Amino acid sequence: MAKFDAFAGGIDYGGLRSMLDIKILVCYILNSVKVPMTRAQISEAMQKTGLVNFFDVNSAIDELLENGAILEKEYVGEPHLVVSQIGANSATELEKNLLPGVRDRAIKTALNIVSRARSERENKVTIEKLEDSYNVTFEIESFGQTMLSLTLNVADVLQAEQLKDGFLDDPGALYSDIIDRLVGDK
């Protein structure tokens, strides 16, 4: 068992208290997700699960960058992190140090964050303030062609933001639901 050398503050019961475990989990996430992630996305994934606090995950990322276990590459116009072969080998070799529930929770959260980021890049939501309401316009594009453009009018900015978040969580669901409704499939 690894020694406790990470802060307990800000983590849930059962969270990671060993910097070695935190570094393994960062490499494991990057190796499993197979998509470059930003530092903020990795940090968010680990914090949302209550496994690690902000300071420890960022310290682990710094150490992994220094020793070459992860690398920084440009992806969609900004710096992202990828696991190197050294990091992938280490994660595979040492993943047994992590409980399966910890691994599964972290991967599921990371995949949701990556999916949401992709939705935000590939789809467009605009909120327009009118005199006494807000228009929320959703656009889904594919290969440069607008597949769907829908505008809804809502009473306040809170409703507009809720609609935006719901859409970006799963834009394909809105498109499928509209098509199903229009062609009569229930």
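All residue numbers in this chain count up from 1 along the given sequence. Fair warning: this is a prediction, and the values are worked out from it, not measured in the lab.
A 4.5 Å side-chain heavy-atom check between Val136 and Thr151 finds every atom pair outside the cut-off. For the pair Ile107 and Ile29, the minimum side-chain heavy-atom distance is below 4.5 Å. Between Arg39 and Ile61, the closest side-chain pair of non-hydrogen atoms falls below 4.5 Å.
Between the CZ atom of Phe167 and the CD atom of Glu120 there is a distance of 11.0 Å, given to the nearest 0.5 Å. Atom CG of Asp177 sits about 10.5 Å away from atom CG of Leu182, to the nearest 0.5 Å. Within the model, atoms CD of Glu44 and CZ of Arg116 stand 9.5 Å from one another, a figure rounded to the nearest 0.5 Å. Here SG of Cys27 is found 10.0 Å from CD1 of Ile86. Values are rounded to the nearest 0.5 Å. From Gln85, atom CD reaches atom CG of Asn31 across 8.0 Å, with rounding to the nearest 0.5 Å. We find the OG-CG distance between Ser119 and Asp165 to be 11.5 Å, quoted to the nearest 0.5 Å.
Here the shortest heavy-atom pairing between Leu51 and Leu25 reads CD1-CD2, 3.8 Å. Of all non-hydrogen atoms in Glu131 and Lys129, the two that sit nearest each other are O-NZ, 3.7 Å. Across Val33 and Ala110, no two heavy atoms sit closer than the pair CG2-CB, 3.9 Å. Closest heavy-atom contact between Val125 and Phe138: CG2-CD2, 4.0 Å. Among all heavy-atom pairs drawn from Ile24 and Ala91, the shortest one is O-CB, 4.3 Å. The shortest heavy-atom contact between Asn123 and Pro171 is ND2-CG, 3.3 Å.
Residues passing the side-chain hydrogen bond (donor to acceptor under 3.5 Å, both in side chains) test with Asp104, sequence neighbours excluded: none. Not counting sequence neighbours, Asn112 has no partner by the side-chain hydrogen bond (donor to acceptor under 3.5 Å, both in side chains) test.
Side-chain N or O atoms of Asn58 include one that pairs as donor or acceptor with a backbone N or O of Phe54 at under 3.5 Å. Judged by distance alone, with hydrogens and angles left aside, the side-chain atoms of Gln41 form a donor-acceptor pair with the main-chain N or O of Thr38 at under 3.5 Å. Checked by atom type and distance alone, the side chain of Gln47 pairs as donor or acceptor with a backbone atom of Ser43 at under 3.5 Å. A donor-acceptor distance shorter than 3.5 angstrom exists from the side chain of Gln159 to the backbone of Ala155, with no hydrogens or angles considered. Thr49 places a side-chain N or O within 3.5 Å of a backbone atom of Met46 that can act as its donor or acceptor partner. Although no hydrogens or angles enter the test, the distance criterion places no donor-acceptor pair under 3.5 Å between the side chain of Thr146 and the main chain of Leu148. Between the side chain of Ser59 and the backbone N or O of Phe55 there is at least one donor-acceptor pair closer than 3.5 Å.
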TODO: Under the side-chain contact (heavy atoms from CB on, under 4.5 Å) rule, what do Leu130 and Asn135 come out as? Steps first, then yes or no, please.
DONE: CA-CA 7 Å; Leu130 303 175; Asn135 275 347; 3.6 Å; yes
TODO: Kindly indicate, with the supporting measurements, whether the criterion side-chain contact (heavy atoms from CB on, under 4.5 Å) is fulfilled by Asp56 and Met19.
DONE: CA-CA 7 Å; Asp56 286 333; Met19 285 303 286; 4.0 Å; yes
Open item on the list: Before you tell me yes or no, could you show the steps for Leu150 and Thr137 under side-chain contact (heavy atoms from CB on, under 4.5 Å), namely the whole-Å CA-CA distance, both residues' side-chain angles and the distance that decides it to 0.1 Å?
Closed with: CA-CA 6 Å; Leu150 172 69; Thr137 302; over 6 Å; no
Task: CA sep, side-chain torsions, deciding dist, call: Leu152, Tyr134, side-chain contact (heavy atoms from CB on, under 4.5 Å) - done: CA-CA 8 Å; Leu152 298 174; Tyr134 291 80; over 6 Å; no
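Ser133 and Asn153 are linked by a side-chain donor-acceptor pair at a separation below 3.5 angstrom, with hydrogens and angles left out of the test.
By the 6.0 Å contact criterion, CD on Glu78 is enclosed, its count of non-hydrogen atoms from other residues, nucleotides or ligands being greater than 12.
Residues Ile113 and Leu168 do not share a hydrophobic cluster, defined by chaining ILVMFWY side chains whose heavy atoms lie under 4.5 Å apart. A single hydrophobic cluster is seen to contain both Leu111 and Val35, as judged by linkage of ILVMFWY side chains at heavy-atom distances under 4.5 Å, directly or through other members. In the hydrophobic cluster analysis, where Ile, Leu, Val, Met, Phe, Trp and Tyr join through side-chain heavy atoms closer than 4.5 angstrom, Leu163 is grouped together with Ile140.
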Check residues 63-77 and write down every donor-acceptor pair under 3.5 Å in which the side-chain atom is one partner and the other belongs to a residue at least two apart or another chain.
from: Glu63; atom 1: OE1; to: Lys23; atom 2: NZ; distance (Å): 2.7
from: Asn67; atom 1: OD1; to: Ala69; atom 2: N; distance (Å): 2.9

